[in-house]
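Have a look at the structure below, then the notes.
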Amino acid sequence: MKEFLENRLKLKRRILVVDDEEIERKMLKRMLQKDYRVFLAADGQEALSIMKENQDTLSLVLLDLLMPKMNGYDLLAEVAKNENLRKIPIIVLTADNSAEVKSLTMGAADFIPKPYDIPEVVLTRINKTILLYESLNLISATKRDSLTGVLQWKYFMNYVGMADNYAPEQDRDILVLDINRFHIINEIHGRHYGDRVLAAVGKTITEYIDDKYGVSCRSGTNSFYIYLFHQDNPEELLWKIHLALEDALGEDKISIRMGVYSHVDKNLEIEKRFDCALLACKSIKENRKGDIAYYDIDMHIKEHYEERLMQDMEKGIAAGEFEVYYQPKFAIQAEQPYLSSSEALIRWKHHELGVINPDTFIPIFEKNGMIQKLDQFIWKTAANQVMEWKRKFGVTIPISVNVSRIDLLEPNFVETICKIVRDAQISPAEYMIEITESAYTEDSQNIIDIVQQLRNFGFHIEMDDFGTGYSSLNMISSLPIDVLKLDMAFVKHIHEDPKALRLVEIVMEIARLLNVKVVAEGVEVEAQHELLKKIGVNLIQGFYYSRPVPAKDFEAFIKERVSYDYN
């Protein structure tokens with residue numbers, strides 16, 4: 001900004017001289033015309049007209065107070081009513097020293113007494129006033145979000161810091177509001193409609209916090225942050241926003257959620273405080289309209305726990321805390337069921353927190369973009385295990401590994417998997433890829449192309465959790481897969497509920513049509529096992545045969561398989 005202003009000094013700014021005395025006008029013009037382009041006005045009315053015509057380019061007004069038609073005080077009063085004219089600084093020129101306080105109170109930027117004994121002093125004060133106002137106007141132009149009227153993030157954070165410094169004892173709250181599924185609103189109704197939504201929300205927030213000594217900003221596209229005095233009923237703001245949206249749009253179609261961090265702990269870093277309110281906001285499901293959540297001790301504990309897991313993941317891998325377990329898959333259509341393959345599953349025995357359930361840490365790593373590092377650890381371990389068992393027992397037990405949609409969309413994913421297999425000195429056919437059905441439903445063609453590349457290299461593809469991803473039958477028929485893996489929810493009641501059994505039979509009909517095998521997971525009791533075998537399921541995985549076990553315990557199944565093959 002400083003460099004910009006210094007460059008501006010090379011330009012001839014425009015100054016308006018307002019004085020009913022012609023001699024005074026000419027004297028000031030001679031004094032200024034070397035450095036400035038000078039306009040002249042003999043009274044307040046003429047000056048007001050010139051100011052309005054040149055409001056975007058006028059840098060300063062030099063104003064006499066005692067004039068006919070409209071005096072200087074009246075002109076100051078008119079300027080105070082006009083938002084654009086208020087941006088132009090006015091320096092009052094008068095011989096009446098008693099007028100200084102009144103002039104400044106009415107909005108004058110400075111006061112220069114007549115006569116002008118030292119022209120250099122006058123020029124210096126003019127120059128400094130212009131630079132000051134240009135700086136203020138530049139700041140003002142970037143200070144607020146033009147669409148919503150709330151502060152930009154940088155200014156917002158500065159105001160929050162000032163509020164804490166000047167009133168550290170004041171009890172304050174943080175509110176975070178999020179417009180649910182805003183991208184869908186834009187897609188359905190258009191950007192103009194979305195802008196009207198944002199403008200209405202921003203205007204309502206500004207009005208709400210006006211008497212609550214609050215400040216607000218817009219974060220990202222559709223979120224708003226608010227810092228204000230403690231409020232006993234923050235729900236009032238949600239109610240006001242919905243009323244405003246009804247007025248602005250004619251009907252209320254918008255769902256908004258609010259996270260509240262009451263009685264903020266000012267010992268926390270400022271951004272960390274807002275993270276607390278944001279956490280509360282994100283805890284609300286998007287399909288719940290007008291809902292509100294408060295940051296509390298449970299969220300605090302959960303947040304710290306999740307942060308601890310994220311910090312310890314890489315150290316845990318290096319320290320051997322993560323261990324790959326293997327759950328056997330048994331082929332059941334032969335006269336004697338036998339071990340066919342296995343699935344690699346991860347377990348974490350934390351050095352302080354003990355055994356951590358995968359259902360706990362995997363979603364955390366997925367949410368925070370850390371899952372790829374753990375996945376690659378599993379992939380490499382499983383590939384090496386295939387080779388180790390192959391050398392030790394002379395038999396190949398293929399291992400399937402789970403691959404998420406996030407993994408698939410990594411630019412070098414196919415190359416990574418191929419390298420892992422090559423380094424382990426096994427073939428792609430000995431290493432199966434499990435991909436959830438839901439991974440295919442978004443950006444499906446891109447995913448299908450990647451999966452087809454894997455199959456071209458010789459990998460077998462299992463569709464995991466089949467029946468939970470809501471794929472269309474048309475999509476299923478075009479997917480490059482080798483195995484359908486039936487979700488355990490379908491298996492759970494087949495021995496008790498004829499409808500559940502019929503659904504599995506329908507899946508089998510689809511599998512035969514597609515010429516793919518079926519794996520049923522979650523099999524726990526003999527009645528389930530016998531029904532699945534009867535309707536033609538190829539492979540079974542579940543507690544009926546074994547829980548997931550460490551590699552050394554899994555070897556008992558391999559020995560039994562080798563013995564069975566031998567006999």
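For the residue pair H350/D312, the side-chain donor-acceptor check at 3.5 Å is satisfied. No side-chain N or O of N368 forms a donor-acceptor pair with one of E306 less than 3.5 Å apart. Checked by atom type, the side-chain pair N384/E388 shows no donor-acceptor distance below 3.5 Å. A donor-acceptor contact closer than 3.5 angstrom is absent between the side chains of H529 and E526. Under 3.5 Å, the side chains of Q453 and D449 contain no donor-acceptor pair of N or O atoms. For the residue pair T360/N357, the side-chain donor-acceptor check at 3.5 Å is not satisfied.
Heavy-atom minimum distance, P398 versus S340: CD-O, 3.5 Å. The two atoms that bring L531 and H495 nearest to each other are CD1-CA, 3.6 Å, heavy atoms only. When all heavy atoms of L268 and C276 are compared, the closest pair comes out as CD1-SG, 4.3 Å. Across every non-hydrogen atom of A520 and V491, the tightest pair is CB-CG2, 4.0 Å. Considering every non-hydrogen atom in both V421 and I426, the closest pair reads CG1-O, 3.0 Å. Closest of all the heavy-atom pairs between A382 and I399 is O-CD1, 3.5 Å.
With salt bridges taken as basic N to acidic carboxylate O contacts below 4.0 Å, one links R273 and D164. Remark: R257 does not engage D291 in a salt bridge, criterion side-chain N to carboxylate O under 4.0 Å. A salt bridge is absent between K315 and E321: the closest approach of a Lys/Arg side-chain nitrogen to an acidic carboxylate oxygen does not fall below 4.0 angstrom. The pair K419-E415 fails the salt-bridge criterion, with no side-chain N (NZ, NE, NH1 or NH2) lying under 4.0 Å from an Asp/Glu carboxylate O. Ionic pairing of K349 and E323 is not present here: no N-O contact between side-chain nitrogen and carboxylate oxygen is shorter than 4.0 angstrom. The existence of a salt bridge linking K534 and E505 is excluded, since no basic side-chain nitrogen approaches an acidic carboxylate oxygen closer than 4.0 Å. With respect to the salt-bridge test (charged N to carboxylate O, under 4.0 angstrom), the residues E462 and K517 do not qualify. Electrostatic pairing of D178 and K282 does not count as a salt bridge here, judged by no charged N lying under 4.0 Å from a carboxylate O. Electrostatic pairing of E555 and K559 does not count as a salt bridge here, judged by no charged N lying under 4.0 Å from a carboxylate O. With respect to E509 and R502, a salt bridge is recorded, a charged nitrogen being found less than 4.0 Å from a carboxylate O. Salt bridge annotation for K492-E524: absent, with no cationic side-chain nitrogen under 4.0 angstrom from a carboxylate oxygen.
Taking 4.5 Å as the limit, every side-chain heavy atom of E560 sits out of range of all side-chain heavy atoms of L339. The closest side-chain heavy-atom distance from N222 to I185 is not below 4.5 Å. A heavy-atom distance below 4.5 Å is found between the side chains of S341 and M432. No side-chain heavy atom of F554 sits under 4.5 Å from any side-chain heavy atom of P548. At a threshold of 4.5 Å between non-hydrogen side-chain atoms, the residues L454 and F413 count as touching. Residues L374 and I346 have side chains in contact (heavy-atom distance under 4.5 Å, counting atoms from C-beta outward). Here the side chains of I494 and L532 are in contact, with some heavy-atom distance below 4.5 Å. At a threshold of 4.5 Å between non-hydrogen side-chain atoms, the residues E352 and R308 count as touching.
The backbone N or O of I292 sits nowhere less than 3.5 Å from a side-chain atom of E235 that would complete a donor-acceptor pair. N456 places a side-chain N or O within donor-acceptor distance of the main-chain N or O of Q452, the cut-off being under 3.5 Å. At distances below 3.5 Å, not a single donor-acceptor pair connects side-chain atoms of D145 with backbone N or O atoms of R218. For Q528 (side chain) and V525 (main-chain N/O), a donor-acceptor pair under 3.5 Å exists by modelled atom type. Judged by distance alone, the side chain of T204 and the main-chain N or O of A200 form a donor-acceptor pair under 3.5 Å. Of the possible polar contacts, none joining the W379 side chain to the V403 backbone as a donor-acceptor pair under 3.5 Å is found. Between the side chain of E410 and the main chain of D407, no donor-acceptor pair closer than 3.5 Å is present. Not a single donor-acceptor pair under 3.5 Å links the side chain of N402 to the backbone N or O of E434.
Within the cation-pi definition used here (under 6.0 Å to the ring centroid, within 45° of the axis), R547 qualifies as a partner of F543. Cation-pi contact between R561 and Y338: absent, since separation from the ring centre below 6.0 Å together with deviation from the ring axis within 45° is not met.
More than 12 heavy atoms of other residues, nucleotides or ligands sit less than 6.0 Å from atom CH2 of W153. Counting heavy atoms of neighbouring residues, nucleotides and ligands inside a 6.0 Å radius, atom NE2 of H192 does not exceed 12 of them. Atom NZ of K367 has more than 12 heavy atoms from other residues, nucleotides or ligands within 6.0 Å. No more than 12 heavy atoms of other residues, nucleotides or ligands shown are found within 6.0 angstrom of CZ on F457.
Taking the six-membered ring wherever Trp is involved, the centroid distance between the rings of W348 and F377 does not fall below 6.0 Å. Aromatic pair Y431/H460: centroids not less than 6.0 angstrom apart. The aromatic ring centres of W389 and Y326 sit less than 6.0 Å apart. Taking the six-membered ring where the residue is Trp, the centroids of F274 and F156 are separated by under 6.0 Å.
Applying the side chain to side chain donor-acceptor pair (under 3.5 Å) test between S400 and each of Q327, K329, Q541 identifies K329 as the sole match.
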Subject >> F365 and D375: CA distance, side-chain angles, deciding distance, side chain to side chain contact (heavy atoms under 4.5 Å, CB included) verdict >> reply: CA-CA 10 Å; F365 297 155; D375 281 345; over 6 Å; no

